[in-house]
Visitor: 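Can you read through this structure? Questions will come right after.
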Amino acid sequence: MTLGLINANPVVREKKERISRPDHAPHALDPLDIYDIVRDIRDPEHPYSLEQLGVLSEDSITVDEKLARILITFTPTIQHCSMATVIGLCLRIKLKDCFPSHFKVDIKVTPGSHADEEAVNKLLNDKERIVAAMENPSLRQLVDECLNSSEL
Amino acid sequence: MADSTQINFVHHIESYVDSGSPSQQDASLLALAKLVTNDIITLESLVREMEMYLTTTDNIIRARGILLLAELLTRMSSKRLESNTIHSLIGFFADRLSDWRALRGALVGCLALMRRKSDIGAISGSDANAIAQSFMQNLQVQSLGQHDRKLCFEILECLIDSYPDTVTSMEDEFVYVICEAIDGEKDPQCLLLTFHLVERLAQVYPESSSSLSSYAEDLFNILGSYFPIHFTHPKGEDEVKREELSRALMLAFASTPLFEPFAIPLLLEKLSSSLPSSKIESLKYLNNCMDKYSGNGIHEQNEALWSSLKDIILTSAPSLLTFGPGHQENKVADEALVVVQKLIQKDNDSVSFLKLILKDVDVNTTLNNLSSYSNYDNITVTDKQRLNAVSRILHVSAAASVASCNAIFQSFFSALVTGLQSASGGPKFGHLYVWVDLLTACRTLVNPAEKTDLDKETWCTMLYNFCPLLTCSFVKTMKESTHDIAVTGLKILASFPGSFLPVSKSTFEEILVEFTSIIIFKFSNASSWRSVLNALVEIGSLIEKSDDFEKMASFDIIVVERMLTLFSYDDLSMPFSLKVEAVSKIGTTNLKYMLKIVQKFNIAISTDLQKYWLDGNSNSAEHAMLLLECYVDKVFPWFQNMKDTNNVPTQFALKIWSEIEHNTRFCNSLNEKVSMLYKKLIETTMNGMKHAVASCSEDSQSMILDKAFSIFSSSTSFQVNGSTQPVDFSCRDEWVISLFNSVIIALNPKTQVKNTKEILHNIMRALSNGHIPSAHALGSLFNKMQYFSLEEAMDITFNKYIAGNLRISNDIIIGLAWVGKGLLMRGHEIVKDMIKFLLNFLISNESISLFEDREDLMRAVADSFNIIMSDSEACLNKKFHATVKPLYKQRLFNMVMPILLSSIVKSDSSVRYKAVVHRALAHVISNTPLSAILGEAKKLIPLMVDGLTCLSEDVENRDIVYSLLLVLSGILTDKNGQEIIVENAYMIIMCLNKLIFYKHMMLVRETVVQCLTAMSELPYSRVYWFRPEVLQALSRALDDPKRSVRQEAVRCRHAWASISSRSLHI
């Protein structure tokens, strides 16, 4: 691991209120559903949620229910963030658990937000490398901590 | 005989001293205590017998022996003892305090003897002195165990409480011992005693006592270290204990003015702490100490106090600027404001604290900036907070005393007035807000009960000159803006008592006129309309309370009369519902008004009903419904509160009946044309009638019943002529029978019902027509009937209409269900026959073969169990005087369950037949209290699972599936129920897995997923088998069309995935 924190002093934003939506409205899967699930994932470095750090927002998620596709673009807090892959991994695992398996999930970093954009995108959408990463015990533990953290 | 007693008690002594088991020891202790209290053995002989145990050198046996004697004395606290006995005993125990190996017994013994009352032999002062001396010489309290320490503190407490002379004579030494004893105490229970000890100590020693003053600093240092009370391990403590401790410490702090020089700095320091809880504590303590302390120390700290209090108020005052009951609470700010007020009251002569406020820079700048807060919406949140804080400070300062109010007016009045006058574009919000707070403060100073000479005070004269301008500004704002500040201001002005000169009668009347005109003409803005109405109601009830005749006369003329005219002409501009609301609310202020209003209402209802009956005018039907609802919701409950229950409801009921009597022509098209409205109107009228009759006394009830019956029987359709065939009712007949049923439903059991035969015949005939309210009336009749034998009634209903009837209609079954409910609730035996009759439809072999023909009927029978078991709003409840025996649901459950159980187990017939029986069973189960279900859960769970599977086939059963699932989830969340669930886990999980895909109802799916989540918490070894199946089913639930099911599924999946350490897949 690197010495010290990669981004020692991140900007923290306010948590948005959860919107409880009326029962009679149509219940198709929409970006807010997905956002509600992933916003509380903890950052691997700081005891804040991805929402608080501005890594994710509701606008960065698109859903097409007919084609069964989900696209999430996230913005790492700094350009050289080596945690970007871990965040992507967390997102993928969480979505896998929380949405039906017929959805195809694409995870990308926002264009221009990361120095190694292409490599990160390639890594995050490679099935086999994801599976391999999750076989790594220390990585697995880190991801589990981020997903199930009660620190927030 | 004597020998046997001797042997007996020696045996008890031995068993107490030697035996190992606590229960045996308790038993021998009890036996010995009984022997001694009943004088079978004397205390002296007992002690002599125990000599060996009390003096032996074996530490353990000696300790037990002394403890036995001490415990015995504790048990005999009400038995009279000779003084020399007590003297020698206390001598012994006091001496034993030096024996640290057997200390417990000595402590208990001392305590037991010291607590005796003097009328049954108490210890003398010199004995107390001996104990105190021995205590001081021998005991190192802090080196003892928790329980012993507690006993020591109790002894000290007892010394102070019961023997103050002994304590005062010992002076220094005693205070020193206490200091030593309590220093470093950590146990909450002991601490509670410690705090109390200090408090009592300060009360026993006079303030001037040198011993206390010399130790005051030490004592306070010991106490101060506990403030604020805070537990480092919050999980184990309960909140009550913390509150208790904090209170005890507070009393100890405030116990003597000697603590003042030490306490105030400490509290000041803790005030600036960032912990809100510590702030609140400090404020509370300050508040309390202020009452006890002389004030010199506080004066010295005035500036520091003001600055920290100001900080607290400025930072923690709520930023929502509203008044009244919706006022946002903030504990810290409120406590701080109370302290400010107390400080001002404390230095009434020197006014030094008030001067600090008057000269404060923050207060003055805010007040100078008031004109920049022109509109509520334009003020920033921080400014709102500041405005509120300053305004509240002014409020409490002005409310503190007349003198402080004078001072405030002198300093700020001119600025506030010029601010209000000079403002271009109307009065500013900021000024008005401060004024409202100031006026509220003035209002608290004016006490209508005592006629004080307030009028000569400075603030009164100032207010007198300024009042018209103030009223004028408020009125102007009220008309222009939507914020209710102006309404609040005017309300306060109007609520000053009539004897208070500054607010003249003309001002009061002007305010009332303005309010009334808003009520009548400006109803478009609902929220401000309501706040004005509420203000009027408050003013009205205040006048009523204060017996202010002059004001009441104005209120009568300006408000009430004006409102009542609203009903006299058809003014279409104001919605009728608002009229009713306004008038009925004003009525609640005073009985006189309410009676006037009720008269108007009665006239309006009859004209509306007449119009509707004659030409089907839908408008008047709606008006009538509004009025009837108002009666049910407001008027009847209000009269019930007034204890004047009888007159108004009776008049109302009689009025409606005479309307019916005089109206024989009913518009023909009524029935078909607007059937929805027609039904609703009948329902509302019935409801009104029921409530009216229910709130009458028995005498008036029989009067109403007589009148109703005479009208009822004069109608040709209701002549009893022996025929049991249904008749076609005309429109009027339906009204008559419906209203008659409502009267029957609401009767008190004590009211005598005459002509029961005719009534029963008619009700049964109406029932055959499918008239459901008749079923309710029938049930109520059977529930309450007293003067007419039930057998005879059964004979009429059963034999004439049911037994002879081959084709029983569903309506008859519903009627029977209500009769069954009525009988079951009063706990009558006949109910068994009734239920058997119903069950026979379901389970006799014959009916299985006839199933195809009778499915509808059987379903009705199954549903009748729902009627019998569930609570009803329409009838047979407490409101309508039903006779209810406790546990009637359980009784039916026990009666029906075995029969249904065996029939389901036996039957191998079609699924459809089984579903009907399950339907009946599910109705019974879902309406029975859960505790009864839990007792039978072992038998019921397999049945319920079977029922769920069976009932889920048919869409029509979805509500029942849902209620059955709710019962299952109830069992799941209960601790005892879980064990039974575990035994049947496989069956339940398989069933739930299927129900996840239940198409017809989202709630069912959601509850199923919740049940599964709950099941993941069952013992791991029992449920981990099912993990793959559950997860598979859930993965499909993730794709559910409804959002809430998806969310539950995510939660459930997480719960199941994490029951093993490794997550699923990858």
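Chain letters run A, B, ... following the sequence lines, proteins first, then strands; residues in each count from 1.
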Visitor: Take A:Asp97 and B:Val1050 through the side-chain contact (heavy atoms from CB on, under 4.5 Å) test and state the conclusion after the steps.
Guide: CA-CA 7 Å; A:Asp97 280 350; B:Val1050 168; over 6 Å; no
Visitor: Who passes side chain to side chain donor-acceptor pair (under 3.5 Å) against A:Asp59, sequence neighbours left out?
Guide: none
Visitor: Look at atom CZ of B:Phe997 and say whether more than 12 heavy atoms of other residues, nucleotides or ligands are closer to it than 6.0 Å.
Guide: yes
Visitor: Answer yes or no: is there a donor N or O on one side and an acceptor on the other, between the side chain of B:Arg1053 and the main chain of A:Cys98, under 3.5 Å?
Guide: no
Visitor: If you compare all heavy atoms of B:Asp1039 against all heavy atoms of A:Phe103, which two are closest, and at what distance to 0.1 Å?
Guide: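 For B:Asp1039 versus A:Phe103, the nearest heavy atoms are OD1-CE1, 4.5 Å.
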Visitor: Would you mind checking which part of A:Leu29 comes under 4.5 Å of any heavy atom in chain B, side chain (CB onward), backbone (N, CA, C, O), both or neither?
Guide: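 Contact with chain B is through both the backbone and side chain of A:Leu29.
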Visitor: How many angstroms lie between atom CZ of B:Arg1046 and atom CG of A:Asp36, to the nearest 0.5 angstrom?
Guide: 11.0 Å
Visitor: Can you tell me how far OG of B:Ser1035 sits from NZ of A:Lys96, rounded to the nearest 0.5 angstrom?
Guide: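 It comes to 11.5 Å.
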Visitor: Non-hydrogen atoms of chain A under 4.5 Å away: do they reach the side chain of B:Arg1036, the backbone, both or neither?
Guide: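 For B:Arg1036, no heavy atom lies under 4.5 Å from chain A.
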Visitor: In chain order, what residues pass the side chain to side chain donor-acceptor pair (under 3.5 Å) check against B:Asp383, with sequence neighbours excluded?
Guide: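 In terms of side chain to side chain donor-acceptor pair (under 3.5 Å), with neighbours along the sequence ignored, B:Asp383 is linked to B:Thr380.
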Visitor: I need the A:Leu32 CG to B:Arg1043 CZ distance, nearest 0.5 Å.
Guide: 7.0 Å
Visitor: Is it the side chain or the backbone of A:Ala133 that comes within 4.5 Å of chain B heavy atoms, both, or neither?
Guide: neither
